[in-house]
Peer 1: 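A single structure is presented below for examination.
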Amino acid sequence: DSRAFDREVKSVCPFCGVGCQVSLKVKDDEVAWVDGIDGPANEGRLCVKGRFGFDYIHHPHRLTKPLIRREGALKGMNVDPGNPLSHFREASWEEALDAAASGLARLRDDAGERVAGFGSAKCSNEEAYLFQKLIRQGFGHNNVDHCTRLCHASSVAALMENVGSGAVTATFNQIENADVAIVIGANPIENHPVAATYFKQFAKRGGKLIVMDPRGQSLKRHATHMLQFRPGTDVAMLNAIMHVIVTEQLYDRQYVEGFTENWDALAAHLEGFAPEEMEPLCGVPARTLREVARDFATATTGMIFWGMGVSQHIHGTDNSRCLISLALMCGHVGRPGTGLHPLRGQNNVQGASDAGLIPMFLPDYQPVTDEGVRSSFAEIWKSGDFSDQKGLTVTEILDAVHAGWVQGMYILGENPAMSDPDLDHARAALAKLDHLVVQDIFLTETAMYADVVLPAAAFYEKSGTVTNTNRQVQMGHPAVPPPGQARPDWEITQDLARRLGLDWSYCDPSEVFAEMKRGMPSLDNITWARVASEGAVTYPSQSPDDPGQPIVFGDGFPREGGRARFTPASIIAPDETPDAEFPMILTTGRQLEHWHTGAMTRRASVLDAVEPEANCSLHPRTLRRLGVVPGADIRLTTRRGSITLMARADRAVSEDMVFLPFAFVEAAANLLTNPAIDPFGMIPEFKFAAVRAEAS
Ligand code: SF4
């Protein structure tokens, strides 16, 4: 029987932030297939990645032994991931951990600030917590960050500033109680496919779905309005919508007076944003802007969902400020069917951020600059004289490497040699490091620059909790053993910590979770045993039998006085504007079948078969003008680099745009992207660069 299996193990899909629960069917110590089960975020549903994207864990490229770079071997992308022994030699765990720790300790003892760490949103909550604890306790500073910096950092900055909390105010499932929903700068059918099924059901039962995106997308088939605005003009468009709500007196006066502050400043600011004046900027007819404003403001219940199209701009924080203001002025927060929901990308980016993998915050977003907070963690950790200064962010750390301030790094599960903007700059920084320790499941592009490579277990090979976009804490259980000598990340980090002189003695991730609870009020009433037995608990949970609150802030906000704030936003042009040399706009993103830098999904046989080749999308008329037939090669060039890859015709892309997925190492999108950053969230402008496209 080809469908026979030896055992069934429950876990959580390791790809996107939806957090679909899965049942892994295991045969002969290999995952044979995956089914969706009845988790709170998926109710049995899975997308193509969750269902078919699992066999990367059995790929022959898996790291099975620790590796140490051979004396004199070159660093970088010249290493063959299938034959790492040309540049590395195998080592015992003892030797590799000693080499990893002694190199980092040498730099620490020289001057602690010289070491920095990138943790991972693909590891468990417990592993993220231990990673930030290692950097803070072991090196005495806060130079620790992770991929939230490239993802929703600007959304979190705006949410923290204006509603006092960085997490969603309502689960995406609340759309079933909504009358109207805005989806902006997100493409959920490709990037959050199971969440998108709830959005489609909402539209089917008559909900008004308003999609706003510079790129067309298939969700528009379900929408009452599709606003295909000009890239980078979010603030102009959103301010125009709010202008209508203010001038037509459609706002919720009682809510504004009872729950918010700074209304007069916002209302005065919006006077200059009449739709008729914004139409030439954002490209959306004034009539449509007025209709959307009326639909959203007059609905009893409304939600706003957003993605990287909002956050990955130099004005990403301003974009989110506008969305927060829009929801607040309509009173669309804190009730069933209302809420603000930045759709999280990675499976555990919410949990890794909550666990303190951020340079300015200890766990639960408690500021490192607060002496009381630092001393309470020093007490929990029984030591920890770490800095009161905010640490460096992802992009700042790589700049600091070039400047010579940071000379050593510990990178766990991140791939900056593919994920950071302006890759030549990022890769040169990795090559310049005096000592680089990389812990991962594959010899990633980043691991090719390492001095020591530590082989880690994949998520389906270990225990741990993860927190999805809905604030739901869920648990994975080990289904198969890790290959060779690979081990769970928390064990490796602990072994490294001990060699750095820290007195750690965790026997199980549950002990780490218990320690996290001591410093994280968000985990009140949530225990390891509860998550294991109930399958999921949403935070905040108000009692040991409360499954958790899907909606928060019904009775005020966690800010001084309990009021949310309106922060006006002005129009800021993108960092680069198209010109004669680079006349088009480049925007990057994901495709349904591939995950981020491709390390996992390009080694998943079905997904790689469905989408095997580096590609970019342009409007058919643009291709004709350039003399490129669909399927032929095209050359893309920005001020930072050049790549050649296959061109696809796609009417969803406007005639002056190129859409470029970033999963393909052979035509790495981030060789082209602009490293200019948002000053608040410190997030790069991945969604806008000036580009030239030409026949190859
Ligand atoms: Fe996995 Fe996200 Fe797909 Fe669910 S929607 S199966 S979590 S990739």
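Residue numbers start at 1 and run along the sequence shown. Note that the coordinates shown come from a computational prediction; the quantities given were computed from them, not determined experimentally.
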Peer 1: Drop me the distance from C151's SG to F686's CZ, to the nearest 0.5 angstrom.
Peer 2: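 One finds 10.0 Å between SG of C151 and CZ of F686.
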
Peer 1: Just how far is it from atom CD1 of I184 to atom CE of M237, taken to the nearest 0.5 Å?
Peer 2: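 Answer for the CD1-CE pair, I184 versus M237, is 4.0 Å.
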
Peer 1: Taking the side chain as everything from C-beta on, heavy atoms only, tell me whether L266 gets closer than 4.5 Å to M329.
Peer 2: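 Sidechains of M329 and L266: in contact.
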
Peer 1: Using distance alone, with no hydrogens and no angle criterion, decide if T469 and H341 have a side-chain donor and acceptor under 3.5 Å apart.
Peer 2: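 Yes, H341 and T469 have a side-chain donor paired with an acceptor closer than 3.5 Å.
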
Peer 1: Sequence neighbours left out, what passes salt bridge (Lys or Arg N to Asp or Glu O under 4.0 Å) with R471? Give chain and number order.
Peer 2: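 If we apply the salt bridge (Lys or Arg N to Asp or Glu O under 4.0 Å) test to R471, skipping adjacent residues, there are no hits.
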
Peer 1: Minimum heavy-atom separation for A564 and R559, please, with both atom names.
Peer 2: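 That would be C-NH1, 4.0 Å.
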
Peer 1: Quick check for you: to the nearest 0.5 Å, what is the distance between Y365 atom OH and M360 atom CE?
Peer 2: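 Rounded to the nearest 0.5 Å, the OH-CE separation comes out at 12.0 Å.
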
Peer 1: I'd like to know if the side chain of N42 and the backbone of Q21 have a donor-acceptor N/O pair within less than 3.5 Å.
Peer 2: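 Side chain of N42 to backbone of Q21: a pair is present.
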
Peer 1: Start with the C-alpha distance between V156 and S353, add both sets of side-chain angles, then the distance that settles side-chain contact (heavy atoms from CB on, under 4.5 Å), and finish with yes or no.
Peer 2: CA-CA 10 Å; V156 172; S353 303; 6.0 Å; no

Peer 1: Tell me whether the count of non-hydrogen atoms from other residues, nucleotides or ligands lying under 6.0 Å of NZ in K208 goes above 12.
Peer 2: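 Check fails, neighbour count at 12 or below.
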
Peer 1: Would you call the rings of F513 and W528 parallel, tilted or perpendicular, where under 30° means parallel and over 60° means perpendicular?
Peer 2: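 Judged by the thresholds at 30° and 60°, the geometry between F513 and W528 is perpendicular.
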
Peer 1: If the threshold is 4.0 Å, N to carboxylate O, is there a salt bridge linking D524 and K517?
Peer 2: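 Salt bridge: no.
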
Peer 1: Donor-acceptor check, side chain of K25 to backbone of V31, threshold 3.5 angstrom: yes or no?
Peer 2: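 No, because the side chain of K25 does not come within donor-acceptor range (under 3.5 Å) of the backbone of V31.
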
Peer 1: What is the distance from atom CG of D678 to atom OG1 of T317, rounded to the nearest 0.5 Å?
Peer 2: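 One finds 3.5 Å between CG of D678 and OG1 of T317.
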
Peer 1: When the ring planes of F553 and F557 are compared, do they come out parallel, tilted or perpendicular, using 30° and 60° as the limits?
Peer 2: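 Tilted.
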
Peer 1: Can you find a side-chain donor-acceptor pair between D420 and N670 that sits under 3.5 Å?
Peer 2: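 Per modelled atom types, D420 and N670 side chains form no pair under 3.5 Å.
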
Peer 1: Can you list the residues that meet the salt bridge (Lys or Arg N to Asp or Glu O under 4.0 Å) rule with D354, with sequence neighbours excluded?
Peer 2: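 In terms of salt bridge (Lys or Arg N to Asp or Glu O under 4.0 Å), with neighbours along the sequence ignored, D354 is linked to no residue.
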
Peer 1: Indicate yes or no for a side-chain donor-acceptor contact from H594 to the backbone of F662 under 3.5 Å, with no hydrogens or angles considered.
Peer 2: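 No.
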
Peer 1: If you compare all heavy atoms of A223 against all heavy atoms of V211, which two are closest, and at what distance to 0.1 Å?
Peer 2: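 Result for this residue pair: CB-CG2, 3.8 Å.
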
Peer 1: Given N187 and D213, is the side chain to side chain donor-acceptor pair (under 3.5 Å) satisfied, shown in steps?
Peer 2: CA-CA 8 Å; N187 185 357; D213 201 323; 5.9 Å; no

Peer 1: Let me see the working for C330 and D252 under side-chain contact (heavy atoms from CB on, under 4.5 Å), right down to the final yes or no.
Peer 2: CA-CA 5 Å; C330 301; D252 186 336; 5.6 Å; no

Peer 1: For K204, does its backbone N or O pair with a side-chain atom of H222 as donor and acceptor, under 3.5 Å?
Peer 2: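 Not a single qualifying donor-acceptor pair exists.
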
Peer 1: Measure the spacing between CG of D364 and CG of L523 and express it to the nearest 0.5 Å.
Peer 2: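 The distance works out to 6.5 Å.
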
Peer 1: Is there side-chain contact between T538 and P40, with heavy atoms separated by less than 4.5 Å?
Peer 2: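 A side-chain contact under 4.5 Å is absent here.
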
Peer 1: List for me each residue that meets salt bridge (Lys or Arg N to Asp or Glu O under 4.0 Å) alongside E127, sequence neighbours excluded, and say none if there are none.
Peer 2: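 With neighbours one apart ignored, the set is K462.
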
Peer 1: For the backbone of L150 and the side chain of Q312, can you confirm whether one donor and one acceptor N or O come within less than 3.5 Å of each other?
Peer 2: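 At least one qualifying donor-acceptor pair exists.
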
Peer 1: Examine the side chains of Q132 and H146 and answer whether a donor and an acceptor come within less than 3.5 Å of each other.
Peer 2: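 Checked: Q132/H146 side chains show no N/O donor-acceptor pair below 3.5 Å.
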
Peer 1: Got a second to check how far E414's CD is from C147's SG, nearest 0.5 Å?
Peer 2: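 Answer for the CD-SG pair, E414 versus C147, is 4.5 Å.
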
Peer 1: Verify the distance criterion only: is there a donor paired with an acceptor across the side chains of T467 and Q350 at less than 3.5 Å?
Peer 2: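 Note: T467 and Q350 side chains miss the donor-acceptor criterion.
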
Peer 1: Among side-chain atoms of E126 and T465, is any donor-acceptor pair under 3.5 angstrom?
Peer 2: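 Side chains of E126 and T465: pair found under 3.5 Å.
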
Peer 1: So, the side chain of Q228 versus the backbone of A652: is there a donor-acceptor pair under 3.5 Å, distance only?
Peer 2: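 It does hold such a pair.
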
Peer 1: For the pair W306 and H152, name the ring-plane relationship: parallel under 30°, tilted 30 to 60°, perpendicular over 60°.
Peer 2: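 Geometry flag for H152 against W306: perpendicular rings.
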
Peer 1: Does F680 have R321 sitting over its ring (NZ/CZ under 6.0 Å from centre, angle to axis within 45°)?
Peer 2: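 Judged by the rule (NZ or CZ under 6.0 Å from the ring centre, within 45° of its axis), R321 counts as positioned above F680.
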
Peer 1: Taking the side chain from S541 and the backbone from D546, do they hold a donor-acceptor pair closer than 3.5 Å?
Peer 2: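 Yes; judged by distance alone, with no hydrogens or angles, the pair exists.
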
Peer 1: Taking the side chain as everything from C-beta on, heavy atoms only, tell me whether R215 gets closer than 4.5 Å to V653.
Peer 2: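 Counting from C-beta outward, R215 and V653 do come under 4.5 Å.
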
Peer 1: Here's a test for you: under side-chain contact (heavy atoms from CB on, under 4.5 Å), which of S320, C322, P342 qualifies with V310?
Peer 2: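 Of the listed options, the one satisfying the test is S320.
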
Peer 1: Using every non-hydrogen atom in the two residues, find where C123 and N348 come nearest and quote the distance to one decimal.
Peer 2: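 Scanning both residues, the minimum pair turns out to be O-ND2, 2.9 Å.
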
Peer 1: Do N239 side-chain atoms and L270 backbone N/O form a donor-acceptor pair below 3.5 Å?
Peer 2: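 Looks like no, no N/O pair under 3.5 Å.
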
Peer 1: For a 4.5 angstrom cut-off between non-hydrogen side-chain atoms, does C16 reach W595?
Peer 2: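 A side-chain contact under 4.5 Å exists here.
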
Peer 1: Return yes if some donor-acceptor pair links the side-chain N/O of Q174 with the main-chain N/O of I551 below 3.5 Å, else return no.
Peer 2: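 The answer is no, because no donor-acceptor pair under 3.5 Å joins these two groups.
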
Peer 1: Please check if the side chain of T301 supplies one atom and the backbone of N177 the other of a donor-acceptor pair under 3.5 Å.
Peer 2: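 Yes, because the side chain of T301 sits within donor-acceptor range (under 3.5 Å) of the backbone of N177.
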
Peer 1: Taking all heavy atoms of P188 and all of L219, pick out the closest pair and write down the distance.
Peer 2: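 The pair with the smallest heavy-atom distance is CG-CD2, 3.7 Å.
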
Peer 1: How close do P521 and Q366 get, heavy atom to heavy atom, and via which atoms?
Peer 2: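 Scanning both residues, the minimum pair turns out to be CD-NE2, 4.2 Å.
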
Peer 1: Would you indicate whether the side-chain heavy atoms of L289 and L227 approach each other to under 4.5 Å?
Peer 2: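 When only atoms from C-beta onward are counted, L289 and L227 do touch, with a gap below 4.5 Å.
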
Peer 1: For Y460, give me all partners under ring pair (Phe, Tyr, Trp, His ring centres under 6.0 Å), at least two apart in sequence or on another chain.
Peer 2: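 By the ring pair (Phe, Tyr, Trp, His ring centres under 6.0 Å) rule, Y460 matches no residue at all.
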
Peer 1: Are any non-hydrogen side-chain atoms of K49 and C13 less than 4.5 angstrom apart?
Peer 2: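 Answer no - side chains too far apart.
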
Peer 1: State, yes or no, whether a side-chain contact exists between M308 and R590 at a heavy-atom distance under 4.5 Å.
Peer 2: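 In short, these two side chains do not touch, never coming nearer than 4.5 Å.
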
Peer 1: Pairs under 3.5 angstrom only: tabulate donor-acceptor contacts from the side chains of residues 194-202 to other protein residues two or more places apart or in another chain.
Peer 2:
unit_1: T197; atom_1: OG1; unit_2: R45; atom_2: NH1; d: 2.6
unit_1: T197; atom_1: OG1; unit_2: V194; atom_2: O; d: 2.5
unit_1: Y198; atom_1: OH; unit_2: E43; atom_2: OE1; d: 2.6

Peer 1: Evaluate the criterion side-chain contact (heavy atoms from CB on, under 4.5 Å) for residue pair L326 and I245; output intermediate values, then yes/no.
Peer 2: CA-CA 9 Å; L326 176 58; I245 293 171; 3.5 Å; yes

Peer 1: Between S165 and L159, what is the shortest heavy-atom contact and its length?
Peer 2: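 That would be O-CB, 3.2 Å.
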
Peer 1: State, yes or no, whether a side-chain contact exists between N615 and Q591 at a heavy-atom distance under 4.5 Å.
Peer 2: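 They are in side-chain contact.
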
Peer 1: List the residues meeting salt bridge (Lys or Arg N to Asp or Glu O under 4.0 Å) with R565, not counting sequence neighbours, and say none if there are none.
Peer 2: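 With sequence neighbours excluded, R565 shows a salt bridge (Lys or Arg N to Asp or Glu O under 4.0 Å) to E261, given in chain and number order.
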
Peer 1: Assess the residue pair N347 and V12 against the criterion (side-chain contact (heavy atoms from CB on, under 4.5 Å)); give the C-alpha distance rounded to whole Å, side-chain angles, the decisive distance to 0.1 Å, and a yes or no.
Peer 2: CA-CA 9 Å; N347 62 325; V12 184; 6.0 Å; no

